[in-house]
Engineer: 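Below you'll find the structure I mean.
By convention in this document, chain letters (A, B, ...) are assigned in the order of the sequence lines, proteins followed by strands, and residues within each chain are numbered from 1.
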Number of protein chains: 2
Amino acid sequence: MHHPDPSTLLREKSLRVTRPRIAVLNALADHPHADVDSVARAARLELGSVSTQAVYDVLRALAEAGLVRRIEPAGSPARFEVRVGDNHHHIVCRTCGDIADVACAVGEAPCLDASENHGFVIDEAEVTYWGTCPECATT
Amino acid sequence: MHHPDPSTLLREKSLRVTRPRIAVLNALADHPHADVDSVARAARLELGSVSTQAVYDVLRALAEAGLVRRIEPAGSPARFEVRVGDNHHHIVCRTCGDIADVACAVGEAPCLDASENHGFVIDEAEVTYWGTCPECATT
DNA sequence: ACACTCTCTTGAATCATTCCAGAAAAGGTG
DNA sequence: CACCTTTTCTGGAATGATTCAAGAGAGTGT
């Protein structure tokens, strides 16, 4: 399930290849939209042990390099995903916080134009759909 | 400054009319997109003193009643605005965190349709434009 | 293998927000 | 207007997510 080799990805961005970084990339490949805690748990399964701070550091480094994307839906701790570069959007369940991907029709950022920009230079339009997921809808 | 009378707004929602609530509504009318701390400071100018917890409680009560809207841009503490009910969107400066309103072309939520909904029932599409504000662009 | 630099570990601090129990105040009623 | 019920406000403490700091440890190019 880890198609693009984590080590290769890291080298392409001139980042050092370390076991925690590989474990975090693998964790995110298996668990899209995972929060820091879930990533840390998954990484620990692979490594035995990693400090929580290392996971935070790794995630920040990967996000800065553009290898992962940090998403922060209102009311939820930060979540991360490896799917980058396609400017897709998210749909969040108001009840359980579950997140699903929604492809962007345009594909490139910014995919929407603002009617008034107030002099701002806009580089991205982030869309978050809010609703109820199938499971929470039935209960 | 405070166009619709705060007391009237509160009564319309069957909320008790208290001095902290009026002060918070006035503060938000004067400072759109203010965070809790700014609201508390503004409210203290009007009242002399209010506990921070009262401000949190008031903001939650007002948000639940639909009198104010809570917005939470990634990386920023929660901010509040007197709700207009027009489903407008926001443009956030990546550098200074400043927020401006952007009218929604459609007006009613959800103003966008998701291409795939994964079985979710969508009730709102929240759009956040990211960019650089005029001041930060020049510096 | 060596040296240089970046990354990881441990431990503590910070910020925003929430929880709790009791005191005070708002609104309806007689 | 005084009373009573319910809701709200106060003060203090707790929680959760995230960040800071200093030193030990590991990756990379020569």
Engineer: Separation of Arg44(B) atom CZ from dG11(D) atom C1', in whole Å?
Structural biologist: 12 Å
Engineer: Using whole Å, what does the distance between atom C1' of nucleotide dC15(C) and atom CD of Glu72(B) come to?
Structural biologist: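 Atom CD in Glu72(B) sits about 14 Å away from atom C1' in dC15(C).
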Engineer: dC6(C), OP1 or OP2 - any side-chain N/O from Thr18(A) closer than 4.0 Å?
Structural biologist: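 Looking at the OP1 and OP2 atoms of dC6(C), neither is under 4.0 Å from any side-chain N or O of Thr18(A).
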Engineer: Between atom OH in Tyr56(B) and atom C1' in dA14(D), what is the gap in whole Å?
Structural biologist: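 Nearest whole value for this atom pair: 14 Å.
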Engineer: Between dT8(D) atom P and Leu59(B) atom CG, what is the distance in whole Å?
Structural biologist: 14 Å
Engineer: When the distance from CG of Asp57(B) to P of dA23(C) is rounded to whole Å, what number comes out?
Structural biologist: 18 Å
Engineer: Using heavy-atom distances to pick each residue's nearest nucleotide on DNA chain D, tell me which of Arg19(B) and Gln53(B) is more 5'.
Structural biologist: Arg19(B)
Engineer: Which pair of heavy atoms, one from Pro20(A) and one from Leu47(A), lies closest together, and at what distance?
Structural biologist: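 Taking every non-hydrogen atom into account, CA-CD1, 3.7 Å.
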Engineer: Please give, in whole Å, the distance from dT8(D) C1' to Ile22(B) CD1?
Structural biologist: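 Value for this atom pair: 14 Å.
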Engineer: Give a yes/no on whether any side-chain N or O of Arg70(B) is located under 4.0 angstrom from OP1 or OP2 of dT17(C).
Structural biologist: yes
Engineer: Under 4.0 Å: is that the gap between some side-chain N or O of Arg16(B) and OP1 or OP2 of dA25(C)?
Structural biologist: no
Engineer: Quick one: Glu12(A) CD to dT28(D) C1', roughly how many Å, whole number?
Structural biologist: 18 Å
Engineer: Please say which of Ile22(A), Thr18(A), Asp5(A) ends up in a side-chain contact (heavy atoms from CB on, under 4.5 Å) with Leu10(A).
Structural biologist: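 Only one option passes, and that is Ile22(A).
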Engineer: Can you tell me the distance, in whole Å, between the CD1 atom of Ile71(A) and the P atom of dA17(D)?
Structural biologist: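 It is 16 Å, rounded to the nearest whole Å.
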Engineer: Hey, what do you get for CG (Leu15(B)) to CG (Leu9(B)), rounding to the nearest 0.5 Å?
Structural biologist: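 Here the interatomic distance stands at 10.0 Å.
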